Amino acid sequence: MADYRYDPKQIEPRWQKAWADERTWEVDNPAPGSAARADDRPKSYVLIMLPYPSGEPHIGHLKVYSVGDAVAHFHRRSGRRVVNPMGYDAFGLPAENHAISTGQHPRESTDAAIAAFRRQFRRWGMSIDWSREFGTHEPRYYRWTQWIFLKLYDRGLAYRKEAAVKWCPNDQTVLANEQVIDGRCERCGAEVEAKQLEQWFFRITDYADRLLDDLDTIQWPEHVKTMQRNWIGRSEGAEVVFRCEELGIDYPVFTTRPDTLFGATFFVMAPEHPDIERLARGTGHEEEVRHYVNHALTESTEERGAADKEKTGVFLGRHVVNPVNGERLPMYVADYVLMEYGTGAIMAVPAHDERDYAFATKFELPIRRVIQAPDGDDELPYTADGVLVNSAPEFDGMPNREAMQRIVDWLDREGKGHGSVNYRLRDWLLSRQRYWGCPIPVVHCERDGIVPVPESELPVVLPDIADYAPRGRSPLAAAEDWVNVRCPACGGPARRETDTMDTFVDSSWYFLRYCDPHNDNAAWDPAVVDYWMPVDQYIGGVEHAILHLMYARFFTKALSDLGYLNVQEPFAKLFTQGMITREGAKMSKSRGNVVSPQSIVERHGADTARAYILFIGPPDQDADWSDEGVEGVHRFLSRLWRLSAETADTTADGPVPHELTPAELALLRKAHWAIEKVTNDMSGRFAFNTAIAAIMELTNEVSRLRDEVGSGAMRFALATANSLLFPFAPHAAADGYERLTGRRVWEEPWPSADHRYLEHDTYQLVCQVNGKVRDRVEAPSGASRDQLEALALRAPNVQAHIDGKQVVKVVVVPDKLVNVVVR
RNA sequence: GCGGAUGUGGCGGAAUUGGUAGACGCGCACGGUUCAGGUCCGUGUGGGGGAAACCCCGUGGAGGUUCGAGUCCUCUCAUCCGCACCA
């Protein structure tokens, strides 16, 4: 035994070289027109979220790719034609910030990180089809990102409008929401301001209903679907028109509670509402209103949004008319009303809305109850269901749910409103005043306005610049030679768009490009994409539950509507893996609890690192890293490998004999049990932890029985263990399997259990008295209920517990237990 | 506040449809092998009682349904994660 030392440093490079030399994991696309005939195996597209390349891969990468690779291997050996591609989400802020501080071109630092990632993924032995690799920063890729932008622009799905952005006055740049910490710039600490800028948007709100409804068609974790539903935030209600007669202007409001319309006692508008100044003019409240609005607008969203903040506001000096009863309601401006949601104005019903109630109390406005609680509860505000009161004779006494519809119908007939739906979802702001991103392919012409760059001139290549620091506009604006162009429409002078795209645009279609990554004539060949899409299994972090996954779904639907795709949903199944923590906390440099995958791989090998990370617990849950646990898995791999190597060298190869000794039968049973267990754990859910535990049990059984079994059974059991282990620890498993069988495990079909070995002649019948286990007896399989009952009643310790008592009932569960109920 | 998740030995975690709680691994204890061990191989290991057979208790807490509950129902506590004045 001492001669057989498990040495991953020898084993792993050898197999990695074979896989690289032979391009083992590459798959061809179907030849044109022969998709189905080329290969009749079903396809499987296994996709792991592409990494943002920065520095070296961290432990989270090791986890997500270990999960993905196990799935890919399992699908392959279950007879599917698997594509498992890899690429890099290479545009982004960290590389740009690095450039600002060091002057190194973001392309250089990004390419260095990509090289490091690629090296690690190979070192981990991931079964990736490297022939499909790309980075989203390469012109051959972003050419088509630009093409998609133009298609969406043609369709009216990309448009420009003024929008409030977060602006750092010190750095002279727009900040992403994530860059604003407590209302201050994360880089310099300056207080962030709001600024109006012309920005590009994608009209994702057009797809709100489809994005919501189609969640029902995909197999995603329920909590991810819930997050998306909440993010879309669909509310049904009504739009109701309130008229300001003094100025002759109609103000529609959105309400989810048209049943409370008779309880409206005032009216509130958002500080950003464009009519505020006009409304207040000449009322004597002008000065006060202007002051309030200015203050509200400079307040940070955090300050303004604090939930328990006291209500503030100012009377506008005007009134609107409630369309249902003609009452004049005073108009206020208050920052608790948001311009971005609904119409930027609300009817306030203080009796039945907590915010309106708080405002009314503070400003001593009337509160009128119009819904009576069924239990007579007279506390206000009352937000639950009830019966209408103090409304109109035809509605009083009506349950409010019913009244909603009746009132909406009435409004509709009178032309004063209609049923309406509102969403929390906003259009996707994609402009970034940044350098390291995909250029937006349009020019601004003095004569023709916005003119798209013709497709034939794509890509609009990102130029090299000298100074990456933002100066109140995109750093690209300084590249004068690049910016100044001829207008493609009129030939006159024009300037290129200098904003770049949000990097979420790049990652919203990369899964399509993987299908056909070398196509120079089109973003993809529709037939090829038809063959591979949708992604059968998508795997990634739950942190992308909303943005990336929503955007990718939107792109898929829009491209499908444009006729370039035939799928509505990009990702048929989704798996989100949990975080790896250490000492119960997220790994971070400041905490000093970081474990680098490189150090683990260096010390124990890639197989140990991969198998441990899958063994640690259910992969969808957070798991705490333990150095001792790694040792345990390494011991297991050592033991299995040593047993395999020694058995291969010291025993004769041969078949499993027909006549089995009891030990051989026990071992074969364990092997077939393990096959069954691992197969179930991998196909239903991703229970890799219990799958690996089963292989450990099988290995333990081999150890226990090794001196009692012949070489046929021994070799079969060990080959089976290696075969089952392959998706989790591919190098060691391939090595052990080859030594035992001379064959390559990845070319072998996934083993299937022989059910004859899963059946037993007898089993341990559990004997309970009043639900407590009192004895166990050997029972023949398939025995009748009466036989089982008799067996149980005869069991010595059952006898002891029923002695002197009356047997009331006997519950028999065949193949399991008998429960004797006594009194 | 709303939504979601998670609570099981000293630790990570097991436990198809309600049916033997604690698989597997770590740690620990004891024993063996070894010149040595941060090696390898055994054995034991939820708590309490007992020489043993065996008994009692036990899945965050309190109730309930059931012959039987970690699992189902009601209430409750704790931790974590989203969203958050969304009309």
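Fair warning: this is a prediction, and the values are worked out from it, not measured in the lab. Hydrogens, waters and symmetry mates play no part in the numbers below; they use all other heavy atoms, side chains included. Protein chains get the first letters and strands the later ones, always in sequence-line order, with residue 1 at the start of each.
- Of the nucleotides present, C73(B) is the one that pairs with G63(B) by Watson-Crick or G-U wobble criteria, both distances under 3.5 Å.
- As rounded to whole Å, 20 Å separates atom P of A84(B) from atom OH of Tyr336(A).
- Residue Gln768(A) is classed as a base contact, given a heavy-atom separation below 4.0 Å to a base.
- If you check every strand for non-hydrogen atoms under 4.0 Å, Arg234(A) touches nothing.
- One can place CG of Leu637(A) at 14 Å from C1' of C24(B), the figure rounded to the nearest angstrom.
- Close to U39(B), at under 4.0 Å from its OP1 or OP2, lies no side-chain N or O of Arg5(A).
- Lys311(A) forms a cation-pi arrangement with Tyr336(A), by the criterion of a distance under 6.0 Å to the ring centre and an angle within 45° of the ring axis.
- To the nearest 0.5 Å, atoms CG (Asn819(A)) and CZ (Arg774(A)) are separated by 11.0 Å.
- For residues 669-705 of chain A, the pairs satisfying ring pair (Phe, Tyr, Trp, His ring centres under 6.0 Å) are Phe575(A)-Phe686(A), His672(A)-Phe716(A), His672(A)-Tyr757(A), Phe686(A)-Phe688(A), Phe688(A)-Phe728(A), with sequence neighbours left out.
- Between Phe363(A) and Phe359(A), the ring-plane angle classifies as parallel under the 30° and 60° cut-offs.
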For this session: Show your reasoning for whether salt bridge (charged side-chain N to carboxylate O under 4.0 Å, His left out) applies to Glu646(A) and Arg706(A).
Result: CA-CA 11 Å; Glu646(A) 198 191 12; Arg706(A) 58 184 307 206; 2.9 Å; yes

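- Comparing C40(B), C56(B), G4(B) by their closest approach to the side chain of Arg642(A) singles out C40(B).
- Here Lys225(A) contributes atom NZ and Asn230(A) contributes atom CG; the two are 14.0 Å apart, rounded to the nearest 0.5 Å.
- Between Glu379(A) and Arg369(A) there is no salt bridge, since no side-chain N of the basic residue sits under 4.0 Å from a carboxylate O of the acidic one.
- Of the nucleotides present, none pairs with U33(B) by Watson-Crick or G-U wobble criteria with both distances under 3.5 Å.
- Residues meeting the side-chain contact (heavy atoms from CB on, under 4.5 Å) test with Ser626(A), sequence neighbours left out: Tyr612(A), Glu628(A).
- Rounded to whole angstrom, the span from the CG atom of Leu261(A) across to the C1' atom of A87(B) amounts to 13 Å.
- Note on His801(A): only backbone sugar-phosphate atoms sit closer than 4.0 angstrom, heavy atoms only; bases stay farther off.
- Residue Asn422(A) is out of contact with every strand shown, counting any heavy-atom pair closer than 4.0 Å.
- Considering only residues two or more places apart in sequence or on other chains, Arg823(A) meets the salt bridge (charged side-chain N to carboxylate O under 4.0 Å, His left out) condition with none of them.
- If you take CG of Leu549(A) and P of G82(B), they are 16 Å apart, rounded to a whole angstrom.
- Pair assignment for G27(B): U45(B), on the basis of Watson-Crick or G-U wobble contacts that are both within less than 3.5 Å.
- The base-pairing partner of A52(B), taking Watson-Crick or G-U wobble contacts with both distances under 3.5 Å, does not exist among the strands shown.
- Base pairing annotation: G1(B) forms a Watson-Crick or G-U wobble pair with C83(B), both donor-acceptor distances under 3.5 Å.
- Among the protein residues, Thr226(A) comes within range of the sugar-phosphate backbone only, with heavy atoms under 4.0 Å from sugar or phosphate atoms but none that close to a base.
- Gly342(A) comes within 4.0 angstrom of nothing in the nucleic acid, heavy atoms only.
- Contact annotation for Asn797(A): backbone-only contact, meaning every heavy-atom pair under 4.0 Å involves sugar-phosphate atoms and none involves a base.
- In this structure, Lys772(A) atom NZ and C55(B) atom P are separated by 10 Å, rounded to whole Å.
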For this session: Report, as a single string ordered 5' to 3', how protein heavy atoms within less than 4.0 Å touch nucleotides 9-16 of chain B: B base, S sugar-phosphate only, - not at all.
Result: ---BSSS-

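- Between Arg582(A) and Asp627(A) there is a salt bridge, with a side-chain nitrogen of the basic residue lying less than 4.0 Å from a carboxylate oxygen of the acidic one.
- For the pair Asp7(A) CG and U39(B) C1', the computed distance is 15 Å after rounding to whole Å.
- Shown for residues 809-819 of chain A: residues whose heavy atoms fall under 4.0 angstrom of RNA chain B, namely Lys809(A), Val811(A), Val813(A), Lys816(A), Leu817(A), Asn819(A).
- Along RNA chain B, the nucleotide closest to Val633(A) and the one closest to His223(A) are compared, and the more 5′ of them pairs with His223(A).
- The distance between atom CZ of Arg776(A) and atom C1' of C54(B), rounded to the nearest whole Å, is 13 Å.
- Distances shown here put every side-chain N or O of Arg704(A) at or beyond 4.0 Å from the OP1 or OP2 atom of C41(B).
- Here A23(B) presents its C1' atom at 14 Å from CZ of Phe636(A), a figure rounded to the nearest Å.
- With a 3.5 Å ceiling on both atom-pair distances, U16(B) lacks any Watson-Crick or G-U wobble partner.
- Remark: side-chain polar atoms of Lys9(A) are not paired, donor with acceptor, to backbone N or O of Gly605(A) under 3.5 angstrom.
- On a pure distance criterion of 3.5 Å, a polar donor-acceptor pair joins the side chain of Arg426(A) and the base of C86(B).
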For this session: Run the numbers on Arg368(A) and Glu327(A) for salt bridge (charged side-chain N to carboxylate O under 4.0 Å, His left out), then give the verdict.
Result: CA-CA 13 Å; Arg368(A) 185 195 305 146; Glu327(A) 281 179 19; 2.9 Å; yes

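- Which of A87(B), G3(B), C56(B) sits closest to the side chain of Thr256(A) comes down to A87(B).
- Using a 4.0 Å heavy-atom cutoff across all strands shown, Arg582(A) reaches no nucleic acid atom at all.
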Pick out the pairs of N or O atoms, protein on one side and nucleotides 27-34 of chain B on the other, that lie under 3.5 Å.
unit_1: G27(B); atom_1: OP2; unit_2: Arg635(A); atom_2: NH2; d: 3.3

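- Counting non-hydrogen atoms of other residues, nucleotides and ligands closer than 6.0 Å to NZ of Lys816(A) gives a total of 12 or fewer.
- Here Asp216(A) pairs with Arg229(A) in a salt bridge; the nearest charged N to carboxylate O distance falls below 4.0 Å.
- When heavy atoms are screened at a 4.0 angstrom cut-off, Val766(A) is found touching base atoms of the nucleic acid.
- Close to G25(B), at under 4.0 Å from its OP1 or OP2, lies a side-chain N or O of Asn700(A).
- Taking syn as a glycosidic angle within 90° of 0, G48(B) does not qualify and is anti.
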